[in-house]
Novice: 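Before anything else, here's the structure in question.
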There are 2 protein chains.
Amino acid sequence: MPVTSGGGTEVAPVGRRTQQERRSRTQTLLLDATVECLAEVGWSGTSTTEVARRAGVSRGAQQHHYPTKMELVDAAVEHLLERQRQAYEAAFAELPPERHNIEGALDLLWDVFRSPPARALLELAVASRTDAELRALCSDLNDRVLQLILDTFEQLFPRTHLPDDSIPTALRTVYAVYVGLSVQNALDDDVSGHQRAVHDQFKSLARLLIPDPDADARDTRHEAGPQGTGPGDSH
Amino acid sequence: MPVTSGGGTEVAPVGRRTQQERRSRTQTLLLDATVECLAEVGWSGTSTTEVARRAGVSRGAQQHHYPTKMELVDAAVEHLLERQRQAYEAAFAELPPERHNIEGALDLLWDVFRSPPARALLELAVASRTDAELRALCSDLNDRVLQLILDTFEQLFPRTHLPDDSIPTALRTVYAVYVGLSVQNALDDDVSGHQRAVHDQFKSLARLLIPDPDADARDTRHEAGPQGTGPGDSH
DNA sequence: ACAAACAAGCATGCAAGCCTGCATGTAAGT
DNA sequence: ACTTACATGCAGGCTTGCATGCTTGTTTGT
């Protein structure tokens with residue numbers, strides 16, 4: 001497992017590198033370029049030629065590591081998910097203590113959904129509807145992202161264990177809102193501020209349901225109490 | 001292949017039509033085919049050739065009416081929006097009286113969002129993010145759809161006049177949820193039922209905020225939620 | 001009313017461009 | 001020497017827009 005340092009555009013002098021280093025470097029270059037390409041020119045604009053160009057490698061090198069376009073995209077998705085998870089956790093860790101709460105977490109999540117990598121994922125998700133091959137790669141993408149969010153949140157708010165029954169639908173509602181907002185945000189970048197307004201509303205609600213970790217020690221401890229995390233609380 | 005025009009009106013597939021009729025017919029064929037194409041094979045799969053093939057007209061005819069691909073798509077969007085609005089109103093009118101309420105309306109809206117035309121719009125919305133030309137056509141698409149929904153709902157629930165201030169964000173929240181759900185639905189067609197669960201939750205909430213028009217005489221709280229129509233209940 | 005002239009609808013072929021995958025050849029590491 | 005990483009050229013397929021020619025409807029002159 002190559003553990004190259006994150007994301008940098010470092011081009012060290014091309015001295016003598018081990019095969020593993022060469023391999024790893026080229027692959028990272030290619031995968032980053034793929035994500036960037038998806039985010040900037042969309043799925044239909046993402047060609048292996050363009051990816052290779054952005055990565056600064058030859059088409060031959062690209063084909064050597066990822067013989068087909070699908071293998072390239074497949075690897076890029078894994079690359080992307082792992083990188084996003086790390087970025088989110090790191091960002092949360094660096095958050096000032098007073099924002100170590102659900103609101104801060106949702107703000108970060110919103111940032112994630114507006115980031116280029118997330119837009120790359122949206123491109124893939126939408127495109128995979130009509131592309132059988134791509135669909136095979138993205139079929140479980142929804143659940144994976146959902147699971148990623150769930151895991152991270154549980155890790156960040158270990159004591160806020162909502163009843164297992166209420167989590168799925170509630171979380172999925174939140175997820176749906178974020179996806180919907182991100183689609184619109186991808187279009188107009190929220191020049192009108194509407195998306196922000198919706199998001200603010202959502203944060204307010206979440207704050208009511210998930211108190212700050214610091215304050216929750218003496219308060220919420222009921223097992224089945226907080227039934228609705230999402231907008232709906234009936235049923 | 002040619003139909004002899006000598007003998008007057010025969011059992012030809014098409015008799016003598018006025019130019020306006022020919023024109024209108026071919027255009028409708030093309031626009032419907034464009035929407036169908038977008039819905040079935042996505043933006044990247046929608047080529048003028050494929051549209052012409054599906055419409056059953058020649059490429060020349062297509063180019064005659066819509067010289068460039070963008071003009072074709074532009075016309076298709078207008079065609080689509082108008083058609084969807086009519087379809088939604090007609091569907092609501094045919095709804096059994098006992099479902100002439102907000103829940104029935106939302107069910108229909110959910111059907112709309114899952115329909116092929118809506119998926120065509122989603123394709124365009126996502127693609128226009130990275131396509132400058134397309135973006136020019138779709139820049140106000142969000143607001144237009146939102147306005148369409150708003151108009152229709154006001155027409156269907158004339159007495160449910162929510163305070164003007166609360167409508168925008170609340171409606172946009174609902175809209176975001178539907179967009180988000182439709183993205184996911186486009187992927188897996190809700191084989192798991194999660195999207196339906198989220199939608200059900202949403203309907204329950206809406207029913208609390210917007211009572212049945214018929215039954216609101218006995219309901220005392222039809223003015224209850226001026227501040228929170230969406231999931232968020234004010235701050 | 002008829003026929004010629006005109007315009008509009010429609011069909012087909014072509015050129016330029018791009019994308020993908022392959023196949024061959026070269027350089028670098030083991 | 002031998003494998004791996006990398007570079008470049010080629011072939012087939014597809015898309016878009018244009019140009020040319022044919023068919024059908026409409027108009028106009030007599």
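In what follows, chains carry the letters A, B, and so on, assigned in the order in which the sequence lines appear, proteins first and then strands, with residues in each chain numbered from 1.
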Novice: Nearest to the side chain of B:T18, heavy atoms from C-beta on, is which of C:dG29, D:dT26, D:dT16?
Specialist: D:dT26
Novice: Are any of the side-chain nitrogens in B:R135 or A:D189 under 4.0 Å away from the carboxylate oxygens of its partner?
Specialist: no
Novice: Taking B:A105's backbone N and O only, do any of them form a donor-acceptor pair with B:Y88's side chain (distance below 3.5 Å, no angle check)?
Specialist: yes
Novice: Can you work out whether B:T46 or B:R22 has the more 5'-proximal nearest nucleotide on DNA chain D?
Specialist: B:T46
Novice: Can you see if the side chain of A:T26 gets near the phosphate of D:dC6 - specifically, an N or O under 4.0 Å from OP1 or OP2?
Specialist: yes
Novice: Between A:E89 and A:R85, is there a salt bridge with N-O shorter than 4.0 Å?
Specialist: yes
Novice: Taking B:S24's backbone N and O only, do any of them form a donor-acceptor pair with B:H65's side chain (distance below 3.5 Å, no angle check)?
Specialist: no
Novice: Could you tell me how far apart A:L72 (CG) and C:dT20 (P) are, to the nearest whole angstrom?
Specialist: 10 Å
Novice: Listed by chain and number, what are the side chain to side chain contact (heavy atoms under 4.5 Å, CB included) partners of B:L187, not counting sequence neighbours?
Specialist: A:A125, A:S128, A:N142
Novice: What residues in residues 32-42 of chain B put a non-hydrogen atom under 4.0 Å from any atom of DNA chain D?
Specialist: none
Novice: Between B:Q184 and B:D188, does any side-chain donor sit less than 3.5 Å from a side-chain acceptor?
Specialist: no
Novice: Within less than 4.0 Å of OP1 or OP2 of C:dG9, is there a side-chain N or O belonging to B:R23?
Specialist: yes
Novice: Does a side-chain N or O of A:S47 approach OP1 or OP2 of C:dC18 to a distance below 4.0 Å, or not?
Specialist: no
Novice: Counting side-chain heavy atoms from CB outward, which of C:dA11, D:dG25, C:dT20 is closest to A:T48?
Specialist: C:dT20
Novice: Mind calculating the distance between CD (A:E21) and P (D:dT4) to the nearest angstrom?
Specialist: 18 Å
Novice: Between C:dG29 atom P and A:R25 atom CZ, what is the distance in whole Å?
Specialist: 13 Å
Novice: Under a 4.0 Å heavy-atom cut-off, which of residues 58-68 of chain A touch DNA chain C?
Specialist: A:R59, A:Q63, A:T68
Novice: May I ask you to decide whether B:R54 forms a salt bridge with B:E40, counting only side-chain N to carboxylate O separations under 4.0 Å?
Specialist: yes
Novice: Parallel under 30°, tilted from 30 to 60°, perpendicular over 60°: which one fits the rings of A:F113 and A:Y178?
Specialist: tilted
Novice: To the nearest angstrom, how far is B:K69 atom NZ from D:dC18 atom C1'?
Specialist: 17 Å
Novice: Report the distance from atom CH2 of B:W43 to atom C1' of D:dT15, rounded to the nearest whole Å.
Specialist: 12 Å
Novice: Can you check the A:Q20 CD to D:dT3 P distance for me, whole Å?
Specialist: 19 Å
Novice: A quick test of your reading: do over 12 heavy atoms of other residues, nucleotides or ligands sit less than 6.0 Å from CD of A:E78?
Specialist: yes
Novice: Nearest whole angstrom, please: distance from the C1' of D:dC6 to the CZ of A:R17.
Specialist: 11 Å
